[in-house]
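Heads up: the structure comes next, in C-alpha coordinates.
Here the structure is a predicted model, which means the values were calculated and not measured. Values below: every heavy atom of this structure, side chains too, minus hydrogens, waters and symmetry copies. Whatever order the structure lists them in is the order used to number ligands and atoms, beginning at 1.
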Amino acid sequence: MNPAPVPVPPPFLSRPQPALVPAEPRAFPFEPSACALLLIDMQRDFLEPGGFGAALGNDVSHLRRTIAPCVALLRAWRAARLPVIHTREGHAPDLHDLRPAKKFRPGSGPRIGDPGPMGRILVRGEPGHDLIAELSPHAGEAVIDKPGKGAFYATPLHELLLSLGIRQLVVGGVTTEVCVHTTVREANDRGFDCLVLSDCTGSYFPEFHTTALKMISAQGGIFGWVSSSAHLLPALPTA
Ligand code: C5J
(Lines give C-alpha, C1' and ligand atoms only; values in the text may rest on other atoms or scores of the structure.)
Protein backbone atom coordinates (compact mmCIF):
# COMPACT_ATOMS: atom_id res chain seq x y z
CA MET A 1 0.00 0.00 0.00
CA ASN A 2 1.25 3.49 -0.78
CA PRO A 3 1.86 5.81 2.21
CA ALA A 4 -0.42 8.82 2.75
CA PRO A 5 0.38 11.67 0.33
CA VAL A 6 2.65 14.43 1.62
CA PRO A 7 0.79 17.77 1.85
CA VAL A 8 1.90 20.16 -0.87
CA PRO A 9 2.19 23.94 -0.76
CA PRO A 10 -1.09 25.61 -1.77
CA PRO A 11 -1.28 27.47 -5.07
CA PHE A 12 -1.34 31.25 -4.93
CA LEU A 13 -4.92 32.47 -4.57
CA SER A 14 -4.29 35.92 -5.91
CA ARG A 15 -0.94 35.86 -7.63
CA PRO A 16 1.15 38.98 -7.20
CA GLN A 17 3.08 39.99 -10.29
CA PRO A 18 6.36 38.05 -9.99
CA ALA A 19 9.72 39.68 -10.62
CA LEU A 20 11.40 37.83 -13.48
CA VAL A 21 14.96 36.93 -12.48
CA PRO A 22 17.29 36.00 -15.36
CA ALA A 23 18.01 32.29 -14.96
CA GLU A 24 18.54 29.00 -16.77
CA PRO A 25 16.61 27.51 -18.46
CA ARG A 26 14.29 30.56 -18.39
CA ALA A 27 13.47 33.52 -16.15
CA PHE A 28 12.53 32.60 -12.59
CA PRO A 29 9.15 34.08 -11.49
CA PHE A 30 10.32 35.32 -8.07
CA GLU A 31 7.51 35.75 -5.53
CA PRO A 32 9.21 37.28 -2.47
CA SER A 33 6.13 36.84 -0.25
CA ALA A 34 6.29 33.06 -0.76
CA CYS A 35 10.05 32.55 -0.89
CA ALA A 36 12.63 31.54 1.74
CA LEU A 37 16.41 31.62 1.56
CA LEU A 38 17.81 28.15 2.29
CA LEU A 39 21.51 28.10 3.17
CA ILE A 40 22.79 24.55 3.24
CA ASP A 41 25.54 23.31 5.56
CA MET A 42 27.80 26.39 5.62
CA GLN A 43 29.65 24.69 8.48
CA ARG A 44 33.19 24.97 9.76
CA ASP A 45 33.83 21.26 9.15
CA PHE A 46 33.24 21.77 5.43
CA LEU A 47 34.63 25.26 4.84
CA GLU A 48 37.53 25.82 7.21
CA PRO A 49 41.08 24.59 6.83
CA GLY A 50 41.46 21.83 9.43
CA GLY A 51 37.86 20.66 9.18
CA PHE A 52 36.44 17.35 7.97
CA GLY A 53 36.53 18.34 4.29
CA ALA A 54 40.15 19.41 4.49
CA ALA A 55 41.07 16.26 6.46
CA LEU A 56 39.72 14.22 3.55
CA GLY A 57 42.27 15.98 1.33
CA ASN A 58 39.94 18.53 -0.23
CA ASP A 59 40.86 22.10 -1.18
CA VAL A 60 38.48 24.24 0.86
CA SER A 61 39.16 27.35 -1.23
CA HIS A 62 36.62 26.01 -3.74
CA LEU A 63 33.98 26.32 -1.02
CA ARG A 64 35.28 29.50 0.56
CA ARG A 65 34.62 31.53 -2.60
CA THR A 66 30.89 31.17 -1.75
CA ILE A 67 31.22 33.02 1.57
CA ALA A 68 31.29 36.62 0.31
CA PRO A 69 28.29 36.23 -2.04
CA CYS A 70 26.31 34.35 0.63
CA VAL A 71 27.06 37.10 3.17
CA ALA A 72 25.89 39.80 0.72
CA LEU A 73 22.76 37.86 -0.16
CA LEU A 74 21.95 37.16 3.48
CA ARG A 75 22.33 40.83 4.36
CA ALA A 76 19.94 41.84 1.56
CA TRP A 77 17.50 39.05 2.44
CA ARG A 78 17.40 40.15 6.06
CA ALA A 79 16.91 43.77 5.02
CA ALA A 80 13.93 42.64 2.93
CA ARG A 81 12.58 40.81 6.02
CA LEU A 82 12.11 37.51 4.21
CA PRO A 83 12.51 34.12 5.93
CA VAL A 84 15.97 32.59 6.28
CA ILE A 85 16.59 28.90 6.98
CA HIS A 86 20.02 27.48 7.73
CA THR A 87 20.84 23.77 7.76
CA ARG A 88 23.63 21.85 9.46
CA GLU A 89 24.63 18.31 8.64
CA GLY A 90 25.48 16.34 11.76
CA HIS A 91 24.71 13.64 14.27
CA ALA A 92 23.86 13.16 17.92
CA PRO A 93 26.88 12.54 20.19
CA ASP A 94 25.88 8.86 20.62
CA LEU A 95 25.65 8.57 16.80
CA HIS A 96 22.32 6.75 17.01
CA ASP A 97 21.22 8.67 13.91
CA LEU A 98 24.31 7.73 11.87
CA ARG A 99 23.42 4.81 9.64
CA PRO A 100 26.13 2.29 8.78
CA ALA A 101 25.54 3.09 5.10
CA LYS A 102 26.71 6.64 5.80
CA LYS A 103 29.40 5.86 8.39
CA PHE A 104 31.34 3.11 6.63
CA ARG A 105 32.89 4.35 3.42
CA PRO A 106 35.26 2.10 1.51
CA GLY A 107 38.19 4.55 1.64
CA SER A 108 40.51 5.29 4.54
CA GLY A 109 40.55 8.63 6.34
CA PRO A 110 38.60 10.13 9.20
CA ARG A 111 34.98 9.16 9.71
CA ILE A 112 31.99 10.97 11.14
CA GLY A 113 32.23 10.82 14.94
CA ASP A 114 36.03 10.46 14.98
CA PRO A 115 38.06 13.09 16.83
CA GLY A 116 39.16 15.88 14.48
CA PRO A 117 40.93 19.22 14.77
CA MET A 118 37.62 20.96 15.53
CA GLY A 119 36.14 18.33 17.85
CA ARG A 120 34.36 15.15 16.84
CA ILE A 121 33.62 15.28 13.13
CA LEU A 122 30.06 16.35 12.23
CA VAL A 123 28.78 15.79 15.76
CA ARG A 124 26.26 18.30 17.10
CA GLY A 125 27.67 20.62 19.75
CA GLU A 126 31.27 20.30 18.49
CA PRO A 127 33.02 23.42 17.12
CA GLY A 128 33.37 21.97 13.61
CA HIS A 129 29.61 21.42 13.38
CA ASP A 130 28.93 25.14 13.87
CA LEU A 131 27.97 27.41 11.01
CA ILE A 132 30.87 29.65 9.96
CA ALA A 133 30.98 32.90 11.91
CA GLU A 134 30.34 35.02 8.79
CA LEU A 135 26.90 33.39 8.40
CA SER A 136 25.84 33.05 12.03
CA PRO A 137 22.06 32.85 12.30
CA HIS A 138 20.17 35.80 13.69
CA ALA A 139 17.45 35.38 16.31
CA GLY A 140 14.28 34.11 14.64
CA GLU A 141 16.06 32.35 11.79
CA ALA A 142 15.42 28.61 11.65
CA VAL A 143 18.36 26.23 11.97
CA ILE A 144 17.54 22.73 10.76
CA ASP A 145 19.80 19.95 12.01
CA LYS A 146 19.85 17.14 9.48
CA PRO A 147 21.42 13.70 9.76
CA GLY A 148 21.26 13.10 6.02
CA LYS A 149 22.43 14.77 2.87
CA GLY A 150 18.96 16.04 2.01
CA ALA A 151 17.41 18.73 4.23
CA PHE A 152 14.00 17.02 4.30
CA TYR A 153 15.08 13.59 5.56
CA ALA A 154 14.33 13.22 9.31
CA THR A 155 13.75 16.98 9.78
CA PRO A 156 10.73 19.29 10.21
CA LEU A 157 11.66 21.36 7.11
CA HIS A 158 8.60 20.49 5.02
CA GLU A 159 6.18 21.38 7.82
CA LEU A 160 8.11 24.58 8.54
CA LEU A 161 7.87 25.70 4.91
CA LEU A 162 4.15 25.00 4.80
CA SER A 163 3.58 26.88 8.05
CA LEU A 164 5.37 29.93 6.59
CA GLY A 165 3.40 29.79 3.34
CA ILE A 166 6.57 29.11 1.35
CA ARG A 167 6.46 27.62 -2.13
CA GLN A 168 9.76 28.86 -3.52
CA LEU A 169 13.32 28.41 -2.26
CA VAL A 170 16.43 30.37 -3.13
CA VAL A 171 19.25 27.94 -2.41
CA GLY A 172 22.90 28.50 -1.51
CA GLY A 173 25.39 26.37 0.37
CA VAL A 174 27.68 23.39 0.04
CA THR A 175 28.33 21.09 -1.56
CA THR A 176 26.58 21.58 -4.88
CA GLU A 177 26.50 17.96 -5.99
CA VAL A 178 25.82 16.43 -2.56
CA CYS A 179 23.63 18.20 0.01
CA VAL A 180 22.45 21.01 -2.27
CA HIS A 181 21.49 18.59 -5.03
CA THR A 182 19.81 16.06 -2.75
CA THR A 183 17.76 18.84 -1.15
CA VAL A 184 16.76 20.52 -4.41
CA ARG A 185 15.69 17.25 -6.01
CA GLU A 186 13.52 16.43 -3.05
CA ALA A 187 12.13 19.95 -2.74
CA ASN A 188 11.02 19.68 -6.35
CA ASP A 189 9.25 16.37 -5.66
CA ARG A 190 7.54 17.98 -2.68
CA GLY A 191 6.19 20.90 -4.73
CA PHE A 192 8.69 23.69 -4.02
CA ASP A 193 10.31 25.67 -6.85
CA CYS A 194 14.06 26.11 -6.34
CA LEU A 195 16.35 28.81 -7.66
CA VAL A 196 19.96 27.70 -7.12
CA LEU A 197 22.63 30.42 -7.14
CA SER A 198 25.87 29.45 -8.84
CA ASP A 199 28.11 31.87 -6.90
CA CYS A 200 26.51 30.96 -3.55
CA THR A 201 27.04 27.20 -4.02
CA GLY A 202 30.29 25.31 -4.28
CA SER A 203 31.99 21.95 -4.52
CA TYR A 204 35.47 20.69 -3.69
CA PHE A 205 35.44 19.57 -7.34
CA PRO A 206 34.74 22.53 -9.66
CA GLU A 207 33.75 20.23 -12.51
CA PHE A 208 31.11 18.59 -10.29
CA HIS A 209 29.76 22.04 -9.40
CA THR A 210 29.39 22.98 -13.06
CA THR A 211 27.81 19.68 -14.01
CA ALA A 212 25.50 19.60 -10.99
CA LEU A 213 24.13 23.03 -11.90
CA LYS A 214 23.61 21.93 -15.49
CA MET A 215 21.71 18.89 -14.25
CA ILE A 216 19.29 21.15 -12.35
CA SER A 217 18.40 23.39 -15.28
CA ALA A 218 18.64 20.76 -18.06
CA GLN A 219 15.59 19.30 -19.76
CA GLY A 220 13.54 22.44 -19.29
CA GLY A 221 14.55 22.82 -15.62
CA ILE A 222 14.03 19.26 -14.51
CA PHE A 223 14.88 20.08 -10.88
CA GLY A 224 14.64 23.88 -10.93
CA TRP A 225 16.32 27.10 -12.03
CA VAL A 226 19.95 28.28 -11.88
CA SER A 227 21.02 31.91 -11.60
CA SER A 228 23.46 34.09 -9.64
CA SER A 229 23.14 36.49 -6.74
CA ALA A 230 23.95 39.39 -9.10
CA HIS A 231 20.73 38.63 -10.99
CA LEU A 232 18.61 38.06 -7.89
CA LEU A 233 19.69 40.96 -5.68
CA PRO A 234 18.02 43.71 -7.79
CA ALA A 235 14.70 41.81 -7.55
CA LEU A 236 14.65 41.78 -3.74
CA PRO A 237 12.10 44.13 -2.22
CA THR A 238 13.44 46.92 -0.04
CA ALA A 239 11.82 47.09 3.37
C1 C5J B 1 28.90 16.39 2.19
C2 C5J B 1 27.36 18.24 2.16
N3 C5J B 1 29.45 16.72 1.03
N4 C5J B 1 26.87 19.18 2.95
N5 C5J B 1 27.95 17.17 2.77
O6 C5J B 1 29.27 15.38 2.75
O7 C5J B 1 27.31 18.35 0.96
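Counting only residues at least two apart or in different chains, side chain to side chain donor-acceptor pair (under 3.5 Å) contacts with residues 211-230 comprise Asp199-Ser229.
Between Glu89 and Arg124, no side-chain nitrogen of the basic residue sits less than 4.0 Å from a carboxylate oxygen of the acidic one, so the salt-bridge criterion is not met. Taking a cutoff of 4.0 Å between a charged side-chain nitrogen and a carboxylate oxygen, Arg88 and Asp145 qualify as a salt bridge.
Applying the ring-ring contact (aromatic ring centres under 6.0 Å, His included) rule to Phe205 yields the partners Phe208; only residues at least two apart in sequence or on another chain are considered. Residues passing the ring-ring contact (aromatic ring centres under 6.0 Å, His included) test with His231, sequence neighbours excluded: none.
Side chains of Arg78 and His138: a donor on one and an acceptor on the other come within 3.5 Å.
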Starting from the N and O atoms of ligand 1, find every protein N or O within less than 3.5 Å and list the pair with its distance.
unit_1   : atom_1 : unit_2 : atom_2 : d
ligand 1 : 3 (N)  : Thr175 : OG1    : 3.4
ligand 1 : 4 (N)  : Asp41  : OD2    : 2.8
ligand 1 : 4 (N)  : Glu89  : OE1    : 3.4
ligand 1 : 4 (N)  : Val174 : O      : 3.1
ligand 1 : 5 (N)  : Glu89  : OE1    : 2.8
ligand 1 : 6 (O)  : Lys149 : NZ     : 3.2
ligand 1 : 7 (O)  : Thr175 : N      : 2.9
ligand 1 : 7 (O)  : Thr175 : OG1    : 3.0
ligand 1 : 7 (O)  : Cys179 : N      : 3.1

